[in-house]
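Working notes, beginning with the structure itself.
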There are 2 protein chains.
Amino acid sequence: MSRFINHNNAIPKYFQLASILKSQIDEGEWKPRQLIPSERQLELQYKVSRPTVRQAIEYLEKQGYLYREHGRGTFVSPQKLQKKMLELTSFSEDLLRKGIQPNQIIRSICHVVPPEKILKRLELPPESRILRIERIRLGNDVSIGLQTSYVVLGDDQQIDEDDLTHYGSLYRVLEEKLNIIPTEADETLEVTLATPEEATLLQVKAGAPLLLNKRLTYDQNRKPVEFVKILYRGDRYQYVIRLTR
Amino acid sequence: MSRFINHNNAIPKYFQLASILKSQIDEGEWKPRQLIPSERQLELQYKVSRPTVRQAIEYLEKQGYLYREHGRGTFVSPQKLQKKMLELTSFSEDLLRKGIQPNQIIRSICHVVPPEKILKRLELPPESRILRIERIRLGNDVSIGLQTSYVVLGDDQQIDEDDLTHYGSLYRVLEEKLNIIPTEADETLEVTLATPEEATLLQVKAGAPLLLNKRLTYDQNRKPVEFVKILYRGDRYQYVIRLTR
DNA sequence: AATAATAACTGGTAATGACCACATGACAAC
DNA sequence: GTTGTCATGTGGTCATTACCAGTTATTATT
C-alpha cells in the first residue's frame with residue numbers, strides 16, 4: 001500500500017485516502033480507541049482538501065473502522081467492530097468467514113410458476129414463470145441446509161448449472177455475469193419442524209427442529225431479484241448478524 | 001411541515017431540506033420510483049448550495065427513502081423500502097411494529113458475577129459484579145420469550161424495577177435516564193430445545209424447539225453495554241430483519 | 001430508416017474559505 | 001481548594017466554483 005495520494009489517478013482521492021487509513025488500522029499501526037490525526041492534519045499531510053478528508057473518514061465510519069466524537073476527535077473502532085459492515089452476505093460468504101468450506105449439491109434448476117404469494121412479493125404478475133433453483137448446502141462436506149431460490153431475470157439473461165458450479169455462489173453469478181448487485185433484503189427467521197421429505201434430504205429425523213430463513217433480496221435499483229427459503233439443520237447452524245442504527 | 005428553509009435556525013439546513021423532501025414522499029406527492037428534481041433544481045428552489053442539497057439527499061438515501069443513479073437522476077425508493085432502516089430495535093419496539101402489545105414479568109433484578117465468558121465479551125475483568133435482569137416477555141399477554149440481560153453500568157448509574165416498569169423497555173431506560181444510546185450489536189440466532197425449567201416458564205413441553213437469540217450491544221462510544229440472551233417460543237415468534245450493504 | 005456523433009442533461013469528485021458547536025485544559029478569581 | 005472564564009483544538013455545517021463521468025435525447029450523417 002502506497003502511503004501517498006496519486007493525484008493523476010482514475011481512483012478517487014477520497015478512496016485512496018480511505019485505503020491508506022484503513023491499512024494503518026489493519027496493520028495495527030493504529031490501535032483500537034486510538035485518536036487518529038485531525039482532519040486538518042490529514043489535509044496537510046496528504047495534500048488534499050478537507051472535504052476530501054471528511055469524505056474518506058465518512059466512508060470508513062460507515063464501514064465501522066472509525067468513529068467520531070464532536071469536539072474530541074476521530075478514533076479507531078475497537079477490534080470487534082472492525083469487520084466490514086457488510087450485512088448482506090451469501091450463504092457461501094457466510095461460511096467462508098467462519099472458516100468452513102462451502103459446497104452444494106444442485107437438486108434441480110428449472111423454470112416454474114411459483115406460488116402466487118411469492119410472485120406477489122417479487123412484484124410479478126400471476127402465472128409468471130421464473131427460475132427456481134433447489135440446492136442442498138454443505139459445510140465441510142456435511143449437509144447443513146436446504147435451499148430453494150426463485151430468481152427474477154430479464155429476457156436476455158440466464159443462469160445454468162455450469163454458472164453455479166463455476167462461480168460457486170448465486171450472488172457471484174448475479175454480480176459478475178449479470179451485473180445485478182444485491183443491495184438490500186428483508187429477512188425472517190423462525191423455527192419449524194422437519195417434514196419427512198426434508199428430514200430425508202437433511203439426514204435428520206422427521207420432526208427435528210430446523211431454522212427457517214426466508215429472504216427477499218433487492219438489487220441496486222431496488223427491484224426484487226430473489227426470493228429464497230433456506231431450511232437449516234438446527235443442530236449445525238448458527239445465524240450471525242451485525243446490527244446498527 | 002413548512003416547505004421553506006429557515007435560514008436563521010439552529011436546525012441544520014440539510015436536515016430541514018431532508019425533512020421537506022421526506023414529507024413529499026410520506027404524503028404521497030412523490031410516488032415510488034418517481035424521478036425527483038435534480039440537485040441543481042433543488043439548489044435554486046430552496047436557495048441553498050449544492051453540497052447542502054447533496055447532504056440532504058445522502059441522508060435520505062442512507063435511510064432508504066431515495067436512491068440515485070449516476071447520469072439519470074434521483075428516485076423515490078419503492079414503498080417497501082421506505083420504512084426506516086433502524087436495524088437495532090428493542091424487543092418492545094419489535095412487537096409494537098407488528099401491532100402486538102408488549103409486556104413483561106420481571107423475575108429478578110440483582111447484581112451478580114456472570115459467567116466468565118460473558119464478562120470477557122463485555123470487556124470486563126474477571127469476578128466483576130454487574131446487573132442481571134431476568135424477564136418473561138409477553139405479547140398480547142401470552143408468553144413469548146425468556147430474557148436474561150447483563151447490563152454494564154457506571155458507578156453513578158443504576159436501574160431498578162420501577163425504571164423498567166415506568167419506561168417499559170430497557171433501551172428506553174438506557175437512553176432516557178442514563179443517556180446511553182445503543183448503536184451497534186452483534187447477534188446470533190440458533191435453535192435449541194427447552195430444558196425442563198425453561199419449558200415451565202414458557203409453558204411448553206420440555207424438549208420443545210426454541211429460537212435462541214444472543215446479542216452483544218455497544219453504545220455510542222463503542223463500549224459494550226449489554227449482553228442479552230433471549231429464548232423465544234418457536235411456535236410464537238418470527239424474527240424479522242432488514243439487511244443492507 | 002438506420003446509425004453515429006453530439007449536446008445537454010444527470011450525479012460524482014474536488015478545492016477553498018468561512019463560521020459554528022462542542023470538549024478540554026490552562027489560568028485567574030474567588 | 002473550588003469555581004468560572006477563556007483560548008484552542010476538534011468535528012459539523014454551508015457557500016461557491018470547477019470539472020469529471022455516466023445517460024439520454026437530439027441531430028447530423030449515411
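Proteins get letters first, then strands, A, B, ... in listed order; numbering begins at 1 in each.
Contact annotation: A:K47 side-chain N/O to C:dA15 OP1/OP2 distance is not under 4.0 Å. Phosphate proximity of D:dT10 to A:S38: present, with a side-chain N or O under 4.0 Å from OP1 or OP2. For D:dA15, the OP1/OP2 oxygens have a side-chain nitrogen or oxygen of B:T52 closer than 4.0 Å.
Residue-level contact check: B:P12 touches the backbone only, with heavy atoms under 4.0 Å from sugar-phosphate atoms and none from bases.
Along DNA chain C, the nucleotide nearest to A:R40 and the one nearest to A:I11 differ in position, and the one closer to the 5' end is contacted by A:I11.
Of the listed nucleotides (D:dT13, C:dA15, C:dG12), D:dT13 has the atom at the smallest distance from the side chain of A:R54. Distance from the side chain of A:Q55 is smallest for C:dT13 among the nucleotides C:dT13, C:dG12, D:dG11. For B:R50, counting side-chain heavy atoms from C-beta on, the closest listed nucleotide (D:dC19, D:dT10, D:dA15) is D:dC19.
Rounded to an integer number of Å, the gap from A:R72 CZ to D:dT10 C1' is 10 Å. Rounded to an integer number of Å, the gap from A:I36 CD1 to D:dG9 C1' is 15 Å. In this structure, the NZ atom of B:K13 is 14 Å from the P atom of C:dC19, given to the nearest Å. The distance from atom CD1 of B:I57 to atom C1' of C:dT13 is 16 Å, rounded to the nearest whole Å. A:Y67 has its OH atom 14 Å from the C1' atom of D:dG11, to the nearest Å. Atoms CG (A:L35) and P (C:dA23) sit 15 Å apart, rounded to a whole Å. If you measure from atom OH of B:Y14 to atom C1' of D:dC14, you get 12 Å, rounded to the nearest angstrom. Distance B:E69 CD to D:dA21 C1': 15 Å, rounded to the nearest Å.
You won't find any donor-acceptor pair under 3.5 Å spanning the side chain of B:H70 and the base of D:dG22, going by distance alone.
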One pair to check against side chain to side chain donor-acceptor pair (under 3.5 Å): A:Y150 and A:R121. What are the steps and the verdict? CA-CA 11 Å; A:Y150 295 93; A:R121 293 200 67 185; over 6 Å; no
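Using a 4.5 Å cut-off on side-chain heavy atoms (C-beta onward), B:L174 and B:V151 make contact. The shortest distance between side-chain heavy atoms of A:I36 and A:W30 falls below 4.5 Å.
Ring pair B:Y14/B:Y59 is perpendicular by interplanar angle, where above 60° counts as perpendicular and below 30° as parallel.
Classification of A:E43 and A:R50 as a salt-bridged pair fails, no side-chain N sitting under 4.0 Å from a carboxylate O.
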